[in-house]
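Okay, so here's the structure we're looking at.
FYI, side chains are in, hydrogens and waters are out, and symmetry mates aren't considered; it's all heavy atoms of this structure. Quantities reported herein were computed from a predicted structural model and do not represent experimental measurements. To find a chain, count down the sequence lines: A is the first, B the second, and so on, and within it residues start at 1.
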Amino acid sequence: MLEIKFVRQNFETVEKALAARGHSTDLGGFKSCDDERRAILLELEALRHQRNVVSDQIAEMKRAGENADDIVAQMRDVSSKIKALDKSLAEIQETLEQMLLGMPNIPHVSVPVGKDETDNPVVNVVGERPEFDFEPRAHWDIGTDLGILDFERAAKITGARFPLYYGAGARLERALINFMLDIHTQVHGYTETLPPFIVNRQSMTHTGQLPKFEEDLFKLVDWDYYLIPTAEVPVTNIHQDEILTEAQLPIYYTAYTPCFRSEAGSYGKDTRGLIRQHQFNKVELVKFTTPQTSYDELESLRADAETILTKLELPYQVIELCTGDLGFSAAKTYDLEVWMPAQGVYREISSCSNFENFQARRANIRFKKKGLKGTELVHTLNGSGLAVGRCLAAILENFQQDDGSVIIPPALRSYMSGTEKITRETG
RNA sequence: GGAAGGGUGGCCGAGCGGUUGAAGGCGGCGGCCUCGAAAGCCGUUGAGGGUCUUCAGGCCCUCCGUGAGUUCGAAUCUCACCCCUUCCGCCA
């Protein structure tokens, strides 16, 4: 959420920034609401002041044994006025709040201007794409033939876009999760967390999924609870309504969780394979930092995610999201895209973002500097480190052999009891 | 699900319907003492918003789980909800 004062004082900047995102906001409505709110507030505070002063008078008169019936009667009037104003203030405040909750973050100055994903510049290309002397097959064919993936039966159990793994496939997924968590905790200094997979409406609002993107979420019937679309939601909300000390920062968390997304509006997209599922596994990285360090922290967060791809020997590229493709809450985002030989394209496998204080303001996460008065909002960041299902898909495709088997990347073998290869027999 | 108790400032904890923004303690900060430190002593120390001012700061409003209500006046009374603890029942 943007600060109301900031929007008020930097109208043109905000308008321009939101336009660059392709966001249409009627800021005129905001202005009149904001003016009205302050007018009401002024009047209300004056009346409250009067009430406070006179109430003290009444107390004194009563103590002195005097009769205060006259002013008490007067105050009855003032009180009902206060009540009425209170109500209109609450209403206008709610309207204003909803407007602010619906406004996306302002892109960082370094973010390239563009209209959609075709304008995202490639920052870096890493690793050697594998050469095949045969036609590389898609991971869904490889996995199904090996007997480690079963999309048909998954559809019987639930429906389309759900995964079912067997044997070495299930084990590979688990190995990837453990591998990623171990690297991030033991090498990169993140604290492992295992958060709830279901969160309440407030948590979803804090990180920006609500109120605008309700249709992307799975909601529980009869509960105001939602299945998490990413660990970002529960983990960022760990510190909601807290005042941290500067010495505590930065805080690094990593979490494995399943993620649930309705994928509304993506019917017909990536209908086959593990790329777009309603349920998938992900290891997430989350940081809480001071405003001064957050952009350095974004670079190191991205490097932490890249480490996983490098160790797995998967070719990938780094792109920077342009203003038109940036997510709602993000000020700056890098995407990591892994090479998928069968499709001949790079596919997103990680998204690393700095939200600056956008989420912190919604979630009320602040910190205090030693010896100084007042508080400051922290900056929050997060990134996938990595999406596990897509990672498994990338391994199947990049490490596939002519005979339909798949080599296990060396870095993972110790997590697979030394298994070097998945074959039809071992699968 | 049944019964009881409780949610107060960074933390712990007191609080008669009217100088209680809130005693006391811890922690933090400043000072005294000391070669230095500890201990001890003294002082200081919440957040959000509005408004005035060149700044420092002044003035005002709000906040004692959340939301309604009673009252001239609510941390204090009433109701509903949420959360926590303990006991009983059930259960992975």
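Atom CD of A/Glu152 has 12 or fewer neighbouring heavy atoms from other residues, nucleotides or ligands inside a 6.0 Å radius. Around NZ of A/Lys16, the count of heavy atoms belonging to other residues, nucleotides or ligands within 6.0 Å does not exceed 12.
At whole-Å resolution of the value, CG in A/Asp224 and P in B/C83 are 12 Å apart. Straight-line distance from the CZ atom of A/Arg48 to the C1' atom of B/C72: 16 Å, rounded to whole Å. Computed from coordinates, the A/Ile82 CD1 to B/G69 C1' distance equals 16 Å when rounded to whole Å. We find that CD of A/Glu60 is positioned 19 Å from P of B/C72, with the value rounded to whole Å. Atom CG in A/Asp241 sits about 13 Å away from atom P in B/G48, given to the nearest Å. Atom CG in A/Asp86 sits roughly 17 Å away from atom P in B/G50 (whole-Å rounding). Between the P atom of B/U62 and the CD atom of A/Gln93 lies a distance of 14 Å, rounded to the nearest Å. If you take CD1 of A/Ile71 and P of B/U71, they are 18 Å apart, rounded to a whole angstrom.
Counting only heavy atoms from C-beta outward, the side chains of A/Tyr256 and A/Asn178 never approach each other to under 4.5 Å.
Separation of atoms CD1 (A/Ile183) and CG (A/Asp304) is listed at 10.5 Å; rounding is to 0.5 Å.
Both key distances under 3.5 Å define a Watson-Crick or G-U pair, and stretches of 3 or more such consecutive pairs in RNA chain B run B:1-7 with B:82-88, B:10-12 with B:24-26, B:27-32 with B:40-45, B:46-52 with B:57-63, B:65-69 with B:77-81.
At B/G49, none of the side-chain N or O atoms of A/Arg37 fall inside 4.0 Å of OP1 or OP2 (strictly under the cut-off). Residue A/Lys81 places no side-chain N or O under 4.0 Å from the OP1 or OP2 atom of B/C72. In this model, the phosphate group of B/C60 is not approached by any side-chain N or O of A/His49 to a distance below 4.0 Å at OP1 or OP2.
Here, B/U71 and B/G13 have their P atoms 35 Å apart, quoted to the whole Å. Between the P atoms of B/G31 and B/A37, the separation comes to 11 Å (whole Å). The same atom, C1', is picked in B/A68 and in B/G50; the two are 26 Å apart, to the nearest Å. Across the P atoms, B/A23 and B/G43 are found 15 Å apart, a figure rounded to whole Å. Rounded to whole Å, the C1' atom of B/C83 lies 10 Å from the corresponding atom of B/U66. Using atom P as the reference point in both B/U78 and B/A92, the two lie 41 Å apart (nearest Å). Nucleotides B/A22 and B/U86, compared at atom C1', are 30 Å apart to the nearest Å. If you take atom C1' in B/G65 and the same atom in B/G6, they sit 11 Å apart, rounded to whole Å.
Here the side chain of A/Thr158 pairs no donor or acceptor atom with the backbone of A/Ala155 at under 3.5 angstrom.
Comment: A/Arg153 engages A/Asp150 in a salt bridge, judged by a side-chain N to carboxylate O separation of less than 4.0 angstrom. Salt bridge absent: A/Asp325 and A/Lys115 never bring a charged side-chain N and a carboxylate O closer than 4.0 Å. Salt-bridge annotation for A/Arg276 and A/Glu263: present, with a side-chain N of the basic residue lying under 4.0 Å from a carboxylate O of the acidic one.
Of the candidate nucleotides B/G18, B/G49, B/C61, B/G18 has the atom nearest to the side chain of A/Ala59. Taking every side-chain heavy atom of A/Arg51 into account, B/C72 is the closest of B/A47, B/C72, B/U51. Among B/G50, B/G18, B/G48, the nucleotide with an atom closest to any side-chain atom of A/Arg8 is B/G50. Of all nucleotides listed (B/C61, B/G10, B/C72), B/C61 comes nearest to the side chain of A/Asn52. When the nucleotides B/G48, B/U62, B/G73 are ranked by their closest atom to the side chain of A/Ser55, B/G73 comes out on top. Out of B/G46, B/C72, B/G50, the shortest distance to the side chain of A/Lys368 is found at B/G46.
Residue-level contact check: A/Lys62 touches the bases, meaning some heavy atom is under 4.0 Å from a base atom. A/Lys87 comes within 4.0 angstrom of no nucleic acid atom, judged by non-hydrogen atoms across all strands. Here A/Arg201 lies out of heavy-atom contact (under 4.0 Å) with every strand. Contact annotation for A/Leu44: no contact, since no heavy-atom pair falls under 4.0 Å across all strands. Among the heavy atoms of the strands, none lies under 4.0 Å from A/Thr245.
For the contact set between residues 72-80 of chain A and RNA chain B, defined by any heavy atom under 4.0 Å, the members are A/Val72, A/Met75, A/Arg76, A/Ser79.
In this structure, A/Asp56 and A/Lys83 both approach RNA chain B, and ranking their closest nucleotides by distance from the 5' end singles out A/Asp56. Nearest-nucleotide positions on RNA chain B place A/Arg366 closer to the 5' end than the other of A/Tyr225 and A/Arg366.
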Quiz prompt | Candidate pair A/Ser405 and A/Arg424, rule side chain to side chain contact (heavy atoms under 4.5 Å, CB included), full reasoning | solution = CA-CA 7 Å; A/Ser405 65; A/Arg424 232 166 290 240; over 6 Å; no
Self-check item: side chain to side chain contact (heavy atoms under 4.5 Å, CB included) between A/Arg362 and A/Gln240, intermediate numbers included
Solution: CA-CA 9 Å; A/Arg362 293 171 164 234; A/Gln240 66 179 96; over 6 Å; no
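Ring planes of A/Trp223 and A/Tyr225: tilted class, angle from 30 to 60°. Using bins of under 30°, 30° to 60° and over 60° for the plane-to-plane angle, the ring pair A/His239/A/Phe288 lands in the perpendicular bin.
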